[in-house]
Amino acid sequence: KKMTTGEVACFMSHFLLWKHCLEINEPILIFEDDAIINNSFNESYYESLMEKIDFLYLGRNENKPENVVDVDDNLEIPGYAYNMHAYAISPSGAKKLLSTNIKTNIIPVDDYVAIMKKSINVFALKESVAKQHLRSFLGSDVEQTNDEDYFIDFTTHPITVGTDRKRCTPVNDS
């Protein structure tokens, strides 16, 4: 299916955060704007865990529960997880996600990480510490509501802002 502008923007937001994770060379926690974090969230636990793994779902929907693999009391390996509203990623995980040519053929970020599970060591919490607001409550920027919502053209329009008018004049290189 064609991707909506919201799906492309969502993917690129995650993509840029993976780049940032790699640049700072530290694990990061990523929460989408609709994530609701519960009281059992323990940041220090996730930080120590991310020294050993690439990717950790802090909340998810599981599309293939029959393929979930039990790891220990807290962790499992997802079958085909969906929802990227809350997760932790290590620099090694970010590097692996960035190492493909995904920018030339963007797919929804949920699908991309699920597919890349073969290349990165992905884990999930058995008990989610974050869930998503219902779309009926907040709406959605990634789901199509009409034919005009489809992203047709990858044309970009760079815009810049400056405070010094003398330096904002275009330069003619010809």
Side-chain angles (χ1 to χ4, degrees), residues 1-23 27-37 46 49-50 52-71 74-156:
K1 76 176 184 80
K2 291 181 182 177
M3 288 182 58
T4 66
T5 54
E7 286 174 312
V8 172
C10 181
F11 180 91
M12 290 308 299
S13 295
H14 288 273
F15 185 89
L16 293 174
L17 287 168
W18 302 337
K19 285 181 77 169
H20 180 69
C21 176
L22 193 56
E23 288 166 4
I28 60 173
L29 297 168
I30 297 174
F31 298 96
E32 289 184 346
D33 62 343
D34 59 353
I36 304 168
I37 305 164
Y46 310 115
L49 190 58
M50 294 314 293
K52 304 173 201 132
I53 67 173
D54 290 332
F55 190 97
L56 176 67
Y57 285 100
L58 303 174
R60 76 187 197 283
N61 288 339
E62 180 56 60
N63 288 330
K64 294 190 176 178
E66 67 279 6
N67 293 345
V68 171
V69 176
D70 188 56
V71 174
N74 298 317
L75 297 174
E76 57 194 13
I77 299 171
Y80 193 99
Y82 224 66
N83 288 33
M84 298 289 289
H85 62 282
Y87 63 93
I89 189 166
S90 70
S92 64
K95 183 178 184 177
K96 291 171 187 173
L97 290 174
L98 294 167
S99 69
T100 71
N101 65 348
I102 189 62
K103 276 182 61 176
T104 62
N105 194 17
I106 294 174
I107 61 174
V109 69
D110 310 71
D111 290 319
Y112 180 60
V113 172
I115 291 166
M116 288 296 291
K117 187 181 98 169
K118 299 170 191 155
S119 302
I120 61 177
N121 59 347
V122 176
F123 292 83
L125 296 176
K126 286 183 179 179
E127 297 295 324
S128 295
V129 296
K131 65 179 185 175
Q132 278 184 300
H133 268 292
L134 296 175
R135 289 192 173 155
S136 59
F137 177 72
L138 286 180
S140 172
D141 292 335
V142 296
E143 289 188 353
Q144 176 200 2
T145 55
N146 61 49
D147 286 340
E148 293 171 10
D149 287 339
Y150 279 120
F151 187 80
I152 308 290
D153 181 359
F154 278 91
T155 302
T156 59

ask   = Hey, what do you get for CG (Asn61) to NZ (Lys131), rounding to the nearest 0.5 Å?
value = 12.0 Å
ask   = For Leu29 and Leu58, what are the C-alpha separation, side-chain angles and deciding distance, and is it a side chain to side chain contact (heavy atoms under 4.5 Å, CB included)?
value = CA-CA 9 Å; Leu29 297 168; Leu58 303 174; 4.0 Å; yes
inquiry  = Can you tell me which residue among Val109, Ile102, Leu97, Ile106 is in a side-chain contact (heavy atoms from CB on, under 4.5 Å) with Phe15?
reply    = Ile102
Side chain to side chain contact (heavy atoms under 4.5 Å, CB included) partners of Ser128, counting only residues at least two apart = none
remark   = Heavy-atom nearest pair, Ile107 first then Phe11, reads O-CD1, 3.3 Å
inquiry  = Under the salt bridge (charged side-chain N to carboxylate O under 4.0 Å, His left out) definition, can you give me all pairs with a residue in residues 86-99, not counting sequence neighbours?
reply    = Asp54-Lys96
key: Separation between NZ of Lys64 and OH of Tyr82, rounded to the nearest 0.5 Å   = 12.5 Å
request  = Measure the SG-CD1 distance between Cys21 and Ile28 for me, rounded to the nearest 0.5 Å.
outcome  = 4.5 Å
key: Any donor-acceptor N/O pair, Ser90 side chain to Ile53 backbone, under 3.5 Å   = yes
task = Identify the heavy atoms of Ala114 and Tyr57 that sit nearest to each other, and give their distance.
result = N-OH, 4.4 Å
task = Might you point out which heavy atoms bring Val8 and Met3 nearest each other, and give the distance in Å?
result = N-CE, 3.8 Å
request  = To the nearest 0.5 angstrom, please state how far the CZ atom of Phe55 sits from the CD1 atom of Ile30.
outcome  = 7.5 Å
Step-by-step side chain to side chain contact (heavy atoms under 4.5 Å, CB included) determination, Cys10 to Glu32 = CA-CA 9 Å; Cys10 181; Glu32 289 184 346; 3.6 Å; yes
query = Short question: side chain of His85, backbone of Asp34 - any donor-acceptor pair under 3.5 Å?
reply = no
task = Scan residues 108-126 for pairs that pass salt bridge (charged side-chain N to carboxylate O under 4.0 Å, His left out), counting only residues two or more places apart or in two chains.
result = Asp70-Lys126
request  = Decide yes or no for Asn67 and Tyr80: does some side-chain heavy atom of the first lie under 4.5 Å from some side-chain heavy atom of the second?
outcome  = no
request  = State whether a side-chain donor-acceptor pair under 3.5 Å links Tyr87 with His14.
outcome  = yes
query = Taking atom OG of Ser92 and atom CD1 of Ile120, what is their separation to the nearest 0.5 Å?
reply = 9.0 Å
key: All side chain to side chain contact (heavy atoms under 4.5 Å, CB included) counterparts of Glu23, not counting sequence neighbours   = Lys19, His20
request  = Please list, chain by chain and in numerical order, all residues satisfying salt bridge (charged side-chain N to carboxylate O under 4.0 Å, His left out) with Glu62, sequence neighbours excluded.
outcome  = Arg60
message = Among residues at least two apart in sequence or on other chains, which ones pass side chain to side chain contact (heavy atoms under 4.5 Å, CB included) with Ser13?
response = none
key: Pair Leu125-Leu56, side chain to side chain contact (heavy atoms under 4.5 Å, CB included): steps then yes or no   = CA-CA 7 Å; Leu125 296 176; Leu56 176 67; 4.3 Å; yes
inquiry  = Would you say that Ile77 contacts Val68 through its side chain, given a criterion of any heavy-atom pair below 4.5 Å between the two side chains?
reply    = no
